[in-house]
Amino acid sequence: MEEFCGGASVWDADLTWVNASWPNFSECFQNTVVIWIPSVWLWVTSPAYIWYLVSRPKDPHPRISWNIVVKMLICLVMLALVGARIGLVAMNLSPSYWKASLVGPCIEGLTIILAVFYICLEKQRGFITSGVLFMYWSLVLLTSILPAYRRVLIREYETDLPAFLIFYVFLFMTLTQWVVHCIAEKEHDADSKVTPEKKSSFLSRITFEWMSKLMIKGYRKTLTDEDMFLLHPRDRTRTVAPLFERNWHTSLHRARYSENSIKSHIEHSILRILYRSKMEDKSVASIEFSPESKKDVPSNSESEKKNSLFRVMAKTYGWDILQSHFFKILYDILVFTTPVLLRLMIQFTNDVAVETWKGYLLAFCFFIVILLQSLFFHQLFHLGQTLALRVRASLIAAIFKKAILLTNQTRKESTTGEIVNLMSVDCNHILETVPYLWVLWSSPIQIGVALYFLYATIGPSMFSGFGVLIVLVPINSVCMVMVQKFQRQLMKHKDKRIKMLTEVLNGIKILKLYAWEMSFGDRVLAVRNIELKTLWKSSLVAAFLMFCWSVAPYLVSLATFATYIFVSEEHYLDAETAFVSITLFNILRYAMNLAPMMLANVVKASVSMKRIEKFLNHDDIESRLVSHDALSDNPISIKNGSFMWDHDLGSVLEGINVDIPQNSLVAVVGQVGVGKSSLISAMLGEMIKVSGSVHVTGSTAYVPQTAWIQNETIQENILFMSEMEQDRYNQIVEGCALNPDLEMLPGGDLTEIGEKGINLSGGQKQRVSLARAVYFDADIYLLDDPLSAVDSHVGKHIFEKVIGSRGLLKNKTRILVTHGLQWLPHVDQIIVITNGQISETGSFEQLLSHDGAFAQLLKTYLLQSDGSVRGGWVEESEEGSHIVMISVREVDCHEHDELPESKETLTAEEELTEQIKKQFENKLIQEEKVEVGRVKWGVFAQFAKALGVFSTLGIFLLFGVFKCCSVAANFWLSDWTSDTTLTNRSMPADSSVYQDENDFYLGVYGAFGAGQAASILAYLFFTASRMIHASRSLHSQMLETTLRSPMSFFDTTPLGRVVNRFSQDIQTVDAELSMTFQMWMDSFFVVVSTFIVISYSTPIFMSLLLPLGILYILIQRFYVATSRQLKRLDSTTRSPIYNNFSETLTGSHVIRAFGMQNSFINTSADRVDKNQQYIYATYSSNRWLGFRLEFVGNIVIFGAAMFAVYSKGSISGSIVGLSISYALEITQTLNWFVRMTSEFETKVIAIERIKDYSDHPREAELILEDKRPHPSWPDSGVVEFKNYSTRYREGLELVLKNITAHIKSGEKVGVVGRTGGGKSSLTISLFRLIEPANGSIVIDDIDVCSMGLHDLRTKLTILPQEPVLFSGGLRMNLDPLNKHTDEEVWTALENVHLKAFVQTLPTLLEFDCGEGGSNLSVGQKQLVCLARSLLRKTKVLVLDEATAAVDMETDDLIQKTIRTEFRECTVLTIAHRLNTVMDYDRILVLDAGEIKEFDSPDTLLADSGSTFYKLAHDAGIV
């Protein structure tokens, strides 16, 4: 080697370190190591990097930019300089050229050529920056520092000017090249919305400088959506979800294949055993694999192996996790460099003879090491957090897709609320855990390495401290098991609470009308209290766990130091030993504190993963249930089909044989609950196929019995994601009789429809649903009773223009379930269903030709006393059993009458929002309110108030005592190690003087530890107690205010938005706010104590406090302003995800029927990406802040070290050790403090959002004790409107104007009028859902406004148009307050003709109605609501067209029951169909909020000029 180096050595310690007045290096070292380091980097990485470049697609439109030109020119200049240098060296070499001085430049030249190759290849592949080349030029620049200052010091410019000039020109070119590589090339045609990370240079990426533009913008103004950039393409749902789905299905198929292999192996084993038995026992005649021999072999369906979500996640994202964790390895290596540097610094301080430049070099090393730590740490987090986004996106996509494809049986196991919890809470747990997975392996390694270094520092004494850790391990294990158990229970209770709350909010109108809202609220609170009890237990265990790990480092140091001074020969604890040990203990503490926090998160995430895994393993609707053979003769064919909804309930349809001819119109008829809708569902593949076959050819469109409407405009509902064809669209709107409705709406077809179509009537919703199906232009149309909710003249128009033989669908195959028997003469075929079987099939004439089930149906429900039924007439022949239709007002589908104005009456919900829409133009659902600027002090005050003001002060005081004891202990340790008595080693080592001094110091040190333990224990348990109290208080206030809010709030607020407050925001308060609050206090006290300690140790350091403080405040203000608003926008963009999901889940059967699953999956993906772009920006802003604040902290460390060097001789090693050991904490703590300040603000936003809902305006008082009516009120039922006017809110127009009417006791009054006339407003004003503007309503001489709302509403009864039921038993739905006996309940069921049905149920009155009454038909639900009204049976009854959406049989039953059971009551009926009120005492006609007519039906019909006469004429009654 010496020959290669020209006779010199590569490394000379005397020259460089030992006896050097400045660090010098040998010539050979500069010609080898200095040049080889950057070259080795480029050549070692070349195979992998070249493969990566070649595997990338080529840029289709490459163009030459200034960057590439400058890079190439500089490389050419550098190659020329290297060539000149080689030439100079070669002239001086003889006879061998194998010398370091020549080989080095040659290697350097070849490496530059490789760099040129990289530049060209990167350009070809469209790269705008290069990390590999940036690192190379950085290494070249750094390694050039050594020869640069050496050449100046030895004055090479005097001895060898050409070499000197070549070197410095080369150095300048290197610096220029490095600067050019700091700038990214501009992408051509780059979208301005693309994330800046994608467009930034490598240096910008590792320092997060690309976020600065957004941070500055966020500081200058309130951020809005327009200011945001898009999510990085690698993190978008459409990028990550397909990969996850592919791996999931691959794993699932592999698992099932493995299961089948095991099954086959078992079968073969049994066969072999039987064969051997035969060989041994000749009496065995044959070998048969009988059912008995196979009964113990698990079937594929029963023992099907479930897929492992963890395994799929590991396969999908394992490599990404390893990439991010590589940076943690580098970080951990550097972490353990700092104790070594601290040891050297203390030795330097204590050694007065050592050269000063070595101290400054150590200070510089501190700076470089901490800087590299910061770079690696933030890359670790950036990669981990963006990975977490990808994991969340793929899981939400998987859950969404699974939810759309769930079988009906499986849907019963997972309610909407539970699935929303999977998407919000469970996915969020995993999101928060993934970036910290490195703790699972890094913390144990850090603990182990720290203990090793401690052993090297203090010897065997460290085992006493290690023993403390060993004792804590089983305690930790038991606590973690308990936390996991409580976490499972918590999620179960949370699911139940959200499910119950969702149902309460869905049925809030009926709850208010029946005065049940607070009772149902108490049920929610009961579940909440159980949830909080579990949370309290979990918090106690977590507090004890935190206590153990908080005092563990101090206990370890106490035990270690005590053992050390008693066991070591010197019995002396010096500064070097103490403070290096303290630094190692701090590393140990960080690892140990992080471990339990991470384990708690891992427990949450594991519980959440199991819940998601269970859900994803549910059965999908099998596509094989329905075959699609294009060669089939008939578009729909069912052969010997038997179908069921649930294995427990048995078959619903049996022996079904159906053939639907091409382009035919087929009607399906039958009584309530016989299986008409089930037949449609069987055709769609929605039911479980027990036997037989189902064949469908062509695309399908489906109109369900209960219309499913999206929270979009009417136009968007009709288009259903299809392209607009204006002429066809106009034709369909006219055909579905929507034009009159669109003319009335403020925005026409661009008017937004409220959630679940809340601002449309039942008929309007059904017609929009029909229009959507028609516009879809499918081959087959399945129409489940779409005409039941519309007036007869509207039904005639729709049948003629859309469904009938000359309608828009005349060339389509149509299956029409109907109860309107007037349509039957005009269909091609009729299918009659009786008790789940097809009893008859044929044309109308064929079925009438014999006295079968169809003829009996006509006799029962068409034949009326006056012969008129819904616009048709029937007459029974005297000579035979034929029923003949006479065309007096019979529907004639060949007429082309002009359609009169639509008569459906809007429901109360529409009129409640009619004026609101006018105020907000066409926007009914308003954007969620987003606060701007700083979180108001009132929000923090609300948090303090929830905790308790004195409790808040107590929490701060206890934690302050804990930190004071901690700082005092470290000062005491400094005094201990610098005590003059102990440092004077003139006496024998075992002297009693030393022993007494050590005992004294150790005793006080232990006392400070006891103070820490007592204060932190009290703090943790007290904080846990008060946080539970705060959480209970905040939830109760928000729930009460929400339930007491006026109906206008629910009409304009999506359900998902409200649920998000009770789910995500309450979860934040329950689980996250407490931890964030504690970490904020910890970081605050640590920052303050650190600056106090450093300033005390080296007072000159205070000169840095002002500039550092200004820099810190500047960075903090930039960050907090932006981060706060990003968090708010994140919160507001979460709600649309859950709104869309709830809406999609409700209409999943419709979406599947249309085959639109992928479109809705993509819509969900877009909404998730919208939300994640804010989370991505939030994470990136944290990294931006972290790097900059750690740089500030690095300056603090550098300053502390430099001032220690500067003050050498005037301060002791113990003070230096104390100062720098505290300074080493400041990099993480300073960053953590600002992070926690911002995090605390963002978490407190949950309080802000809860407070927002808690401060909403409320309705009037529920009960006024001094104005309560008599218990028997109202005893007569006289209702008077006295000059009554009302509006929905202040500033809006009146919807009722000067209404004056007197309704007598027991009188039956029909309320009629055109759409928007004020009918529903009149009825809901009785219940004070809206309050009067002037005038009054008097019932039995008492003004309704003079009493509490509950006193009023409990004395009135309403039967709403749309039946609302809740999850739970039938009895609970009939009598939620449990005020009636079972006998009374059975009597009510008998009166509504449901008793026989309920008696057939296995659980009778405890029959589970399902979510929203899903286990009952629409007709049965309406009858249950009628039975509920019978149980109340108040003197005043309001009917909001309760029969608008039910079949004729149910209509008949309801009308009979009303006439008999409520004959003595005052009845007000909103009439959509005038024939239902023709026998009433009087008719009240409303128009534009005013009474136009109020008289008996006969009197009004006698006047052909009356409004009522015109309405009756339009309806075909006169």
Side-chain angles (χ1 to χ4, degrees), residues 34-35 37-46 49-50 52-53 56 58-59 61-85 105 107-148 165-190 194-213 371-372 375 379 1184 1187 1191:
V34 170
I35 292 176
I37 288 175
S39 299
V40 165
W41 160 258
L42 205 61
W43 287 101
V44 166
T45 58
S46 61
Y49 191 55
I50 291 173
Y52 173 73
L53 289 173
R56 305 297 294 175
K58 290 185 178 181
D59 184 357
H61 305 291
R63 64 177 185 178
I64 304 300
S65 64
W66 70 267
N67 304 67
I68 194 75
V69 172
V70 172
K71 289 176 185 176
M72 297 298 289
L73 287 175
I74 292 174
C75 285
L76 292 176
V77 171
M78 294 179 78
L79 282 173
L81 291 171
V82 170
R85 184 180 169 190
I107 292 175
E108 196 167 31
L110 291 173
T111 307
I112 293 173
I113 293 172
L114 179 61
V116 172
F117 172 72
Y118 279 174
I119 292 170
C120 296
L121 191 55
E122 286 169 351
K123 185 60 186 176
Q124 187 186 53
R125 303 296 165 168
F127 280 48
I128 61 172
T129 188
S130 172
V132 171
L133 286 178
F134 178 85
M135 289 298 298
Y136 168 70
W137 296 117
S138 298
L139 288 172
V140 172
L141 202 58
L142 287 173
T143 53
S144 297
I145 295 174
L146 300 178
L165 291 175
I166 289 173
F167 173 81
Y168 275 97
V169 173
F170 187 89
L171 180 60
F172 175 75
M173 291 292 105
T174 303
L175 179 61
T176 307
Q177 189 74 277
W178 183 84
V179 170
V180 173
H181 275 79
C182 290
I183 303 170
E185 292 188 49
K186 289 189 176 180
E187 292 181 308
H188 52 279
D189 301 326
V194 171
T195 171
E197 181 185 7
K198 192 171 181 292
K199 301 184 291 183
S200 62
S201 67
F202 180 76
L203 179 63
S204 178
R205 292 179 187 181
I206 64 174
T207 60
F208 301 94
E209 180 59 29
W210 55 272
M211 274 294 294
S212 293
K213 185 177 179 181
L371 179 64
L372 291 176
L375 287 171
Q379 284 306 305
W1184 180 91
F1187 180 77
F1191 190 80

Which value, rounded to the nearest 0.5 Å, describes the distance between [X] atom [atom1] and [Y] atom [atom2]?
X    : Y    : atom1 : atom2 : result
M173 : C75  : CE    : SG    : 11.0 Å
I107 : I112 : CD1   : CD1   : 12.5 Å
L133 : Y49  : CG    : OH    : 6.0 Å
W178 : S138 : CH2   : OG    : 6.0 Å
K71  : I119 : NZ    : CD1   : 6.0 Å
L53  : K123 : CG    : NZ    : 14.0 Å

Closest approach of [X] to [Y] (non-hydrogen atoms, all atoms of both residues):
X    : Y    : result
L203 : T207 : O-OG1, 2.7 Å
L79  : G109 : CD2-O, 3.5 Å
L171 : S144 : CD1-CB, 3.5 Å
I74  : T176 : CD1-CG2, 3.5 Å
V82  : P105 : CG1-O, 3.2 Å
I206 : L375 : O-CD2, 3.7 Å

Going by heavy atoms in the side chains, are P38 and E108 under 4.5 Å from each other?
no
Would you check, one step at a time, whether the test side chain to side chain contact (heavy atoms under 4.5 Å, CB included) holds for I183 with W66?
CA-CA 11 Å; I183 303 170; W66 70 267; 4.0 Å; yes
Flag, side chain of [X] to backbone of [Y], donor-acceptor distance under 3.5 Å:
X    : Y    : value
Y168 : A148 : yes
R56  : R125 : no
T129 : A184 : no
R85  : F167 : no

Would you find more than 12 non-hydrogen atoms of other residues, nucleotides or ligands less than 6.0 Å from F1191 atom CZ?
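No, CZ of F1191 has 12 or fewer neighbouring heavy atoms, counting only those of other groups under 6.0 Å.
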Check against side chain to side chain contact (heavy atoms under 4.5 Å, CB included), M211 and F1187
CA-CA 12 Å; M211 274 294 294; F1187 180 77; over 6 Å; no
Pick out which of Y136, W41, W43 makes a side chain to side chain donor-acceptor pair (under 3.5 Å) with T111.
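Output: one option passes, namely W43.
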Could you check whether the rings of W210 and F208 sit parallel, tilted or perpendicular, using 30° and 60° as the cut-offs?
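W210 vs F208 ring planes: tilted.
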Establish, from distance only, whether the side-chain atoms of W137 and T174 form a donor-acceptor pair under 3.5 Å.
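The answer is no; no qualifying pair exists.
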